[in-house]
Structure formats: C-alpha cells, structure tokens
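See below for the structure under consideration.
Quick note on labels: first sequence line is chain A, next is B, and so on, each numbered from 1.
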Amino acid sequence: MSSFGTVSLNEVRAMLDACAPGHVFRQHGDHYYLIAYKGLTFPTFPRGAHGKSNPEIQRGVVKKMAKFFGVLPCAKRELALT
Amino acid sequence: MTTTTVTTWPLLFTYSGPIIGRGFFASVSFCGRLLATQEPEGIWLDGVNPGALAVGGATLDNANHELRETLTKVLVAYASEAKSFDAFKTAVERFYHETDDDTVAEWKASVDALKNGLLSVPAALRRKPDDWTCHVLVEPKRIEDLTPHDNQVCQNDGDTTLAKAA
C-alpha cells in the first residue's frame, strides 16, 4: 500500500495502545507530536491539518514510526499497513 | 550479470542552519542518511540517521524540500523545550543517532545493490565516496558571529547525493 495513503490519527492512537503499551504521546512544538516508547523518541509525528480533531496521517509516517519502535508486525495487523 | 530494477536508493544529505533557543543561539549541521523509495505517487524518504523521520513528495526535489522543512521545524521544537544550550545539544544529538536495526540493514542492502550495479538511479544524482562519514555538530553561536548567510532561507541549498559504490 502507498506511503502516501492515509490513516486517521484516532486509528494510529488505538494501534499504539495495542502495540506499544505505556508509550508517551504529547505535543512537540507547533507541528508535531512526540512519541516515546522503550527509551526511543519519535519527535516528528505530524499533527495534521489545523483545527482537525482527527486528521489523516500519511501511512509512510505511521509505518516508519512503527518500524522505529520495533512494533511494525503488530501495527500491520492493527492498521492493515503493507 | 542480470540487472534488476531496485527502486530504493541510499542517499546522503547535508543540513545546516541557525536555531534560536531560549536565551541561546545554536548552529546545527549534519550529514545524514536516508532511504529513498520510488512509488507511483512520488518519492518517499525514510530516515536512517536521523532515524525518527519520514517524508514524501511528488518528486525528489519536493521530498527534499519537505525533509528540510521537517528538520527545521523539529529543531525549533527542541529549542522551544530546551532550558539551556546543553539540553538542546543533547536532544539534537539523540535525535540524530537514534535509529532502528531494520532500517540500517535496509540501508546496507541498498548500498550493496548500488555496488553490484543493481540499482537504477537518476543520472542527476551525484555520488559520494564510499568512506564518507556522517556526523552531527551542534555548536553555540554568539550574536556577533552571525551573518546574513545564516538566515534559514540560505540553507535550502543543502546537498543530497547518492552513497557511492566502491
């Protein structure tokens, strides 16, 4: 599936709850969320379009983040990433 | 030898720019590593160093622009949170060095494919020497050392090249 396709932020949050229990998810500057898990930090997770409570996030970013944290197999199951 | 088309390129890039923090000026420069994948919609860039980074664009130029925008924004975010230059430096160095084993393995495989002539690459991509070393450098800057060239708009000519095969 294309890296340019999207998945909603709520779906990503649910995936992280399932695949990265105990992770930290917080705002980081004006444009990003910072996600921390098992001693690693992913500070470039986009906040998406302004004013949207559940913006769409590019699948490539989600896939990279999951791989970075070592939870890609779980994320693929939860989000149908390929 | 059969040549197959592999569309993941090992790229090196340089970035430098001034960052204003809370009570400090900093100069940040690094040579980083990326994996570039050609997809139907465009080029996707996955960070190797820094590893916590992924951007895309319709063309390599577009993706390169997104890369530099992202780097600047995340460095500004770190500067906004850092209580001192030393805290900022630590955060940026950590951001640069953190990566994952799978991505590093993909990088090495891509470099090997390049060495073995299995990569189809754009002719416009220049190659770096095989022993090119990447680094991160975060230094304090005094206001009297700043020049107009330090303005961020001047930094967008950073270099993106292909990691050369031996």
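- Ranked by heavy-atom pairs shorter than 4.5 Å toward chain B, the options A/Phe68, A/Phe45, A/Phe42 are led by A/Phe68.
- For B/Leu75, no part sits under 4.5 Å from any heavy atom of chain A, backbone or side chain.
- Within 6.0 Å of the CG atom in B/Leu137, the count of heavy atoms belonging to other residues, nucleotides or ligands exceeds 12.
- By number of non-hydrogen pairs under 4.5 angstrom with chain A, the leading residue of B/Pro50, B/Ser80, B/Gly42 is B/Gly42.
- Of the possible polar contacts, none joining the B/Glu81 side chain to the A/His28 backbone as a donor-acceptor pair under 3.5 Å is found.
- Residue A/Met65 holds its CE atom at 12.5 Å from CG of B/Asp100, rounded to the nearest 0.5 Å.
- Contact of the B/Glu69 side chain with the A/His31 side chain is not registered, since no non-hydrogen atoms from C-beta on lie closer than 4.5 Å.
- Residue B/Val76 does not touch chain A at all, counting heavy-atom pairs closer than 4.5 Å.
- Taken to the nearest 0.5 Å, the OG1 atom of A/Thr44 stands 11.5 Å off from the NZ atom of B/Lys73.
- A/Leu34 contributes atom CG, which lies 5.5 Å from atom OH of B/Tyr78 (distance to the nearest 0.5 angstrom).
- When heavy atoms are compared at a cutoff of 4.5 Å, A/Tyr32 approaches chain B solely by way of its side chain, counted from C-beta outward.
- In terms of heavy atoms, A/Thr41 sits closest to B/Ala52 at O-CB, 3.7 Å.
- A donor-acceptor contact shorter than 3.5 Å links the side chain of A/Lys64 to the backbone of B/Gly51.
- No other option in B/Asp102, B/Thr70, B/Asp101 has as many heavy-atom pairs under 4.5 Å with chain A as B/Thr70.
- Of all heavy-atom pairs spanning B/Phe95 and A/Pro43, the tightest one is CD1-CG, 3.5 Å.
- Interface remark: of the candidates B/Leu71, B/Leu53, B/Thr37, B/Leu45, B/Leu53 forms the most heavy-atom pairs closer than 4.5 Å to chain A.
- Judged by distance alone, the side chain of B/Glu39 and the main-chain N or O of A/Ser3 form a donor-acceptor pair under 3.5 Å.
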